[in-house]
Amino acid sequence: MRKKRKILAVAIASLFVLSMLAGCGPDSTQTQGDSGTLEGRLASAEPITMTIHMHYGNINVFDDNAPIYKEAAKLTNVTLRGTASAAATDSNQAFNTMLVESKLPDIIHGTSTNTNKAGMEGAMIPLEDLVKQYAPNIQKYFDTHPEALRGSLAADGHLYYIPCIYEKGPAMGWFIRQDWLDKLSLPVPTTVEEYYNTLKAFRDNDPNGNGKKDEIPYFDRSKSVKNLVPLFGVDKNYYAVGPDGKIYAPTATEGYKTAMTELAKWYAEGLIDQEVYSRGSTTREQLLGDNIGGATHDWFSSSLSFNDKLKDLVPGFRLATIDPPADINGEVKNASPRTTLNGNGWGISKDNQHVAETMRFFDFWFTEAGITLNSYGVEGTDYTIVNGVKEYTQQAKDYAGGVPSYMGTFGSREIGIPVSLEAEIKGMNKDAAEGFAMYVEKDYTISEFPNLPFNVEENRVIKDKGAAIKTYVDETTQGWIMGNTDVAATWDKYVNDLKAMGLDEVISAYQSAYDRYQSL
Ligand code: CA
């Protein structure tokens, strides 16, 4: 593996443009390794059938009849048969039950945690040398995206699964009622101070025009105010990496104290939903549907779908994507990167008798043909090519739940693959596609916290002490925001309590895993 961390200085913007022009992922029609003599995309000279365990998210199982996999079988000569029961409702339990069977399925799909554990216990085989030998497209991807490989390695340094990978980009963004700004003749807020003043104007100036002071300026369905914390220059995660490469807990910094002091004031002034800690998942339906919600921070597709949903119910309704307001240090950044390694992938069991064929089959999903098949489905039925550009068919676009649901129904799964960003954007509604693309182009989303190869002991510390610390931070934060306790009066006790609960040990566990990650 690589000794030195290499950061690719390629701007997201240019990646985006490239992917829009050429489709993402390595371009190759050859899938054989240097020892292979197969033609085209074939993974096996003769048609073979292999078994696969796939059960994830407590609901997704492999579908033997999925059109996508029937097409893949035509292209590769490999047919898969699922072994997991659709009746099972607990993916972890299904994985563990599978592992004790006398003969394991050929291919094992699962979470990074489960596959790495199975690998280190001997149930799955290391793949790094096999990738070099049989999977040129996967190797090429890892060569150009070293963080995808490094973030997938187990604590023993081996690769046990090929990961499902998304391109870098924003997870969430900032959204505001453009129709309310227009009504009050206000510009889009660009700083924390302007954002604060805009929320105050929403509170005071009756933008919904019903003569009542019923507006809820900022709302958030996360049951927290964490999405506002970065406005004060503080990382919103429990643990972060400093510029010195040291892990620290942002919630124990002076910056967090400032953020809490300010946000408690915002809450007390009625700028933040008074029910932010209880309203939860249906917050947007309630507050946007009742025309009383003003601004939020959330996911693109689902948030901007309200422009379509409410266009007849709330006259003039328009939720707009805005640039992140500059934080108190003047930095404009989006603090909600998405997780590029989605946590699922597939690998090879110790009982697999077709290792070379399996690796070539895995490699197919890193070719343009494989990426297109997983993201767009079958040409003619699911997508067509118009002037060289792939477009989903009307049948796919009109499907209840949208294109992602359509593709899921026809067999698209979170397998080891680089998911097409172009397809993702095309699968969004128009407003979401524009907002998401704007965030990608402007490239102000911060780097994600890396996926660390924790060992057993580190995991134990994080589970035992880290979980209790998170709960304590959340409860204390809620007390401060709601005004039940005073930030200044209780801050020192809070920091001392965190230390007494083992914060330094948890940070050490993260640090050793992070140092290992850097050395792999
Ligand atoms: Ca009103």
Side-chain angles (χ1 to χ4, degrees), residues 23 25 29 31 38 40-57 59-88 91 94-95 98 104-110 115 134-135 137-138 161-165 342 344-349 352-383 390 392-393 395-396 399 403-420 423-424 427:
T29 52
T31 61
L38 297 172
R41 301 174 184 124
L42 291 181
S44 170
E46 299 298 322
I48 56 168
T49 296
M50 290 194 279
T51 50
I52 178 171
H53 170 88
M54 179 189 284
H55 195 300
Y56 66 94
I59 189 166
N60 302 289
V61 295
F62 186 79
D63 174 4
D64 292 358
N65 297 312
I68 285 177
Y69 284 86
K70 292 206 158 159
E71 184 71 12
K74 277 189 225 162
L75 296 171
T76 64
N77 259 351
V78 172
T79 298
L80 300 185
R81 290 274 171 262
T83 59
S85 166
S91 294
F95 191 93
M98 173 272 299
L104 296 176
D106 297 309
I107 296 173
I108 296 178
H109 178 282
T115 49
Y134 298 111
N137 292 288
I138 297 177
Y161 70 97
I162 305 298
C164 179
I165 311 156
N342 100 330
N344 287 307
W346 58 12
I348 299 180
S349 85
N352 184 312
Q353 300 299 311
H354 300 283
V355 168
E357 290 84 353
T358 309
M359 284 310 300
R360 292 191 194 107
F361 180 72
F362 285 174
D363 198 55
F364 164 72
W365 298 100
F366 276 67
T367 66
E368 192 174 349
I371 294 165
T372 298
L373 181 57
N374 189 61
S375 287
Y376 285 97
V378 179
E379 190 176 349
T381 315
D382 309 322
Y383 77 97
K390 296 182 203 83
Y392 287 108
T393 56
Q395 152 178 319
Y399 195 76
V403 168
S405 298
Y406 177 89
M407 291 308 303
T409 303
F410 287 86
S412 181
R413 291 288 181 268
E414 294 174 13
I415 56 171
I417 196 165
V419 175
S420 163
E424 277 191 85

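We number each residue from 1, following the sequence as shown. Computed over heavy atoms, backbone and side chain alike; hydrogens, waters and symmetry mates excluded.
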Plane angle bin for H109 and Y56 - parallel if under 30°, tilted between 30 and 60°, otherwise perpendicular | tilted
Measure the spacing between CE of M54 and CG of N344 and express it to the nearest 0.5 Å.
-> 8.5 Å
So, D363 and Y134: side-chain donor and acceptor under 3.5 Å apart, yes or no?
-> no
Should S375 and V419 count as side-chain neighbours, where that means a heavy-atom distance under 4.5 Å?
-> yes
Side chains of F410 and V378 in contact at under 4.5 Å (non-hydrogen atoms) | no
Mind checking what makes ring-ring contact (aromatic ring centres under 6.0 Å, His included) contact with Y376, not counting sequence neighbours?
-> Y383, Y392
Which atom names give the shortest non-hydrogen contact between D63 and N65, and what distance separates them?
-> OD1-N, 2.9 Å
Among R81, Q353, H354, side chain to side chain contact (heavy atoms under 4.5 Å, CB included) partner for M50 = H354
Might you point out which heavy atoms bring M407 and G377 nearest each other, and give the distance in Å?
-> CE-N, 3.3 Å
Does atom CD of Q395 have more than 12 heavy-atom neighbours, drawn from other residues, nucleotides or ligands, at distances under 6.0 Å?
-> yes
N374 side chain reached by S412 side chain, heavy atoms, under 4.5 Å | yes
If every non-hydrogen atom of A94 is compared with every non-hydrogen atom of H53, which pair is closest and at what distance?
-> O-CE1, 3.5 Å
Spatial distance of atom NZ (K390) from atom OG1 (T372) [nearest 0.5 Å] = 4.0 Å
Spacing of H55 atom NE2 and F95 atom CZ [to the nearest 0.5 Å] | 13.0 Å
Aromatic plane relationship, W346 with F361 - under 30° parallel, 30 to 60° tilted, over 60° perpendicular = tilted
Residue pair T381 / T393, side-chain heavy-atom distance below 4.5 Å | no
What is the distance from atom OG1 of T83 to atom CE of M98, rounded to the nearest 0.5 Å?
-> 7.0 Å
Taking side chain as C-beta onward, heavy atoms only, is W365 less than 4.5 Å from I162?
-> no
Applying side chain to side chain donor-acceptor pair (under 3.5 Å) to T358 and not counting sequence neighbours gives N352
Note: P105 and S349 closest approach over all heavy atoms is O-OG, 2.7 Å
Between A423 and S420, what is the shortest heavy-atom contact and its length?
-> N-OG, 3.0 Å
To the nearest 0.5 angstrom, please state how far the CD1 atom of I165 sits from the CZ atom of F366.
-> 4.0 Å
CD1-OG1 distance between I52 and T79, expressed to the nearest 0.5 angstrom | 12.5 Å
Ignoring hydrogens and angles, tell me if any N or O in the side chain of D64 forms a donor-acceptor pair with the backbone of G82 under 3.5 Å.
-> yes
Exercise: identify the closest heavy-atom pair between S44 and E357 | CB-CG, 3.7 Å
Under 4.5 Å between any side-chain heavy atoms of M359 and I348, yes or no?
-> yes
Side-chain touch E46/N77, heavy atoms, less than 4.5 angstrom | no
